[in-house]
Amino acid sequence: SVEQKEVWSSIETYWDLSQMGDADGFLSYFDESSVGWSNRSAIPSNKSPTSKFIRWDLKNNKTLLYSVTPASIWVKGEFAYAHYFFTTLEQDKAGKETWSSGRWTDILMKKGNKWVLVGDHGGRTQSAGN
């Protein structure tokens, strides 16, 4: 549907911003009320601690390549969720490259003309250094 395409476009946009290292642009897709739960965290966290980790990660690592593939997208009114897979090739400050893959569920809310994150869950399920 048109709405599903809009949701997916927002997801691709914030992945692009992340790959470019644009922390402010990426974080502009997180609503102030957002709460997420990464596979790497013992408990869910709100935007403030999530922002700290995103800024650190984008400062210390670079995404060289990525691919995101939707599994399903549900939209009802101003809310949506998207399940998708990802694969990344990242490089740390020392130059070490690491392939990773995993999955996310993003919960989004329409805010103005874009879809923003109000919740998410997932992360890496596989990582192998090169």
Side-chain angles (χ1 to χ4, degrees):
S1 72
V2 170
E3 293 83 7
Q4 288 170 314
K5 289 177 183 175
E6 287 176 2
V7 168
W8 189 247
S9 178
S10 286
I11 292 169
E12 290 180 316
T13 298
Y14 53 75
W15 273 83
D16 286 344
L17 291 164
S18 176
Q19 180 183 25
M20 292 185 290
D22 183 350
D24 290 333
F26 181 40
L27 290 167
S28 76
Y29 280 83
F30 285 72
D31 187 70
E32 292 304 318
S33 68
S34 70
V35 175
W37 197 352
S38 166
N39 289 348
R40 294 187 265 177
S41 300
I43 60 172
S45 62
N46 64 27
K47 187 175 178 179
S48 180
T50 299
S51 297
K52 291 177 188 177
F53 283 100
I54 288 171
R55 289 185 189 286
W56 182 90
D57 189 51
L58 293 180
K59 182 179 174 185
N60 290 285
N61 299 291
K62 180 176 180 169
T63 301
L64 302 174
L65 296 169
Y66 80 89
S67 172
V68 289
T69 305
S72 71
I73 300 173
W74 171 91
V75 182
K76 184 153 185 145
E78 302 298 307
F79 291 93
Y81 63 77
H83 302 295
Y84 61 93
F85 300 96
F86 70 88
T87 301
T88 61
L89 174 60
E90 296 179 352
Q91 184 178 56
D92 65 17
K93 279 188 168 182
K96 180 182 177 193
E97 294 181 359
T98 304
W99 285 98
S100 297
S101 61
R103 59 184 172 256
W104 281 104
T105 295
D106 290 352
I107 304 161
L108 302 108
M109 175 178 66
K110 183 90 180 240
K111 193 170 188 181
N113 62 352
K114 68 182 182 181
W115 290 88
V116 297
L117 286 158
V118 292
D120 65 349
H121 178 66
R124 292 183 182 124
T125 55
Q126 196 171 15
S127 181
N130 282 347

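These values consider heavy atoms only, across backbone and side chains, with no hydrogens, waters or symmetry-generated copies. One is the number of the first residue; the rest follow in order along the sequence.
Trp15 approaches Thr88 most closely through the heavy-atom pair CZ3-CG2, 3.8 Å. Between Val75 and Ala80, the shortest heavy-atom distance links the atoms CG2-CB, 3.9 Å. Shortest non-hydrogen contact noted between Pro44 and Val35 is CB-CG1, 3.7 Å. Between Asp120 and Gly36, the shortest heavy-atom distance links the atoms OD1-CA, 2.8 Å. Scanning both residues, Ser34 and Gly119, for their nearest heavy atoms gives CB-N, 4.5 Å.
A side-chain donor-acceptor contact under 3.5 Å links Ser33 and Asp31. Inspection of the Ser67 and Thr87 side chains reveals no N or O donor paired with an N or O acceptor under 3.5 Å. Side-chain N/O atoms of Lys114 and Ser28 include a donor and acceptor closer than 3.5 Å.
Separating the CZ atom in Phe26 from the CD1 atom in Ile54 is a distance of 4.5 Å, to the nearest 0.5 Å. Atoms OG and NZ, from Ser10 and Lys111 in turn, are 13.0 Å apart once rounded to the nearest 0.5 Å. Between the CG atom in Leu65 and the CD atom in Gln91 there is a gap of 10.5 Å [rounded to 0.5 Å]. One finds the OG atom of Ser45 at 7.5 Å from the CZ atom of Phe53 (value rounded to the nearest 0.5 Å).
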With a 3.5 Å cut-off and sequence neighbours excluded, list the donor-acceptor pairs that the side chains of residues 16-24 form with protein atoms.
{"residue": "Asp16", "atom": "OD1", "partner": "Tyr66", "partner atom": "OH", "Å": "2.2"}
{"residue": "Gln19", "atom": "NE2", "partner": "Leu64", "partner atom": "O", "Å": "3.1"}
{"residue": "Asp22", "atom": "OD1", "partner": "Asp24", "partner atom": "N", "Å": "3.4"}
{"residue": "Asp22", "atom": "OD1", "partner": "Gly25", "partner atom": "N", "Å": "2.7"}
{"residue": "Asp24", "atom": "OD1", "partner": "Arg55", "partner atom": "NH1", "Å": "3.0"}
{"residue": "Asp24", "atom": "OD1", "partner": "Arg55", "partner atom": "NH2", "Å": "2.8"}

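Residue pairs meeting the salt bridge (charged side-chain N to carboxylate O under 4.0 Å, His left out) criterion with at least one member in residues 35-54, sequence neighbours excluded, are Glu32-Lys47.
Using a 4.5 Å heavy-atom cutoff, the side chains of Asp92 and Thr98 are not in contact.
Taken together through direct or relayed side-chain contacts under 4.5 Å among Ile, Leu, Val, Met, Phe, Trp and Tyr, Val68 and Phe30 form part of one hydrophobic cluster. Grouping the Ile, Leu, Val, Met, Phe, Trp and Tyr side chains by contacts below 4.5 angstrom, directly or via other members, places Val116 apart from Tyr84. Residue Val118 is not grouped with residue Ile73 when hydrophobic side chains (ILVMFWY) are merged at heavy-atom distances under 4.5 angstrom, including chains of intermediate members.
The residue from Trp115, Tyr14, Tyr29 that alone fulfils the side-chain hydrogen bond (donor to acceptor under 3.5 Å, both in side chains) condition with Asp106 is Tyr14.
In this structure Phe85 satisfies the ring-ring contact (aromatic ring centres under 6.0 Å, His included) test with no other residue, sequence neighbours excluded. Partners of Tyr81 by ring-ring contact (aromatic ring centres under 6.0 Å, His included), not counting sequence neighbours, listed by chain and number: Trp74, His83. Under the ring-ring contact (aromatic ring centres under 6.0 Å, His included) criterion, Trp56 pairs with no residue at all, not counting sequence neighbours. Partners of Lys93 by side chain to side chain donor-acceptor pair (under 3.5 Å), not counting sequence neighbours, listed by chain and number: Asn60.
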Kindly indicate, with the supporting measurements, whether the criterion side chain to side chain donor-acceptor pair (under 3.5 Å) is fulfilled by Gln4 and Trp8. CA-CA 6 Å; Gln4 288 170 314; Trp8 189 247; over 6 Å; no
For a side-chain contact (heavy atoms from CB on, under 4.5 Å) check, start with the C-alpha distance between Glu97 and Leu89, then their side-chain angles and the critical distance, and finish with the verdict. CA-CA 7 Å; Glu97 294 181 359; Leu89 174 60; 3.9 Å; yes
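The main-chain N or O of Trp37 is never found under 3.5 Å from a side-chain atom of Ser41 such that the two would form a donor-acceptor pair.
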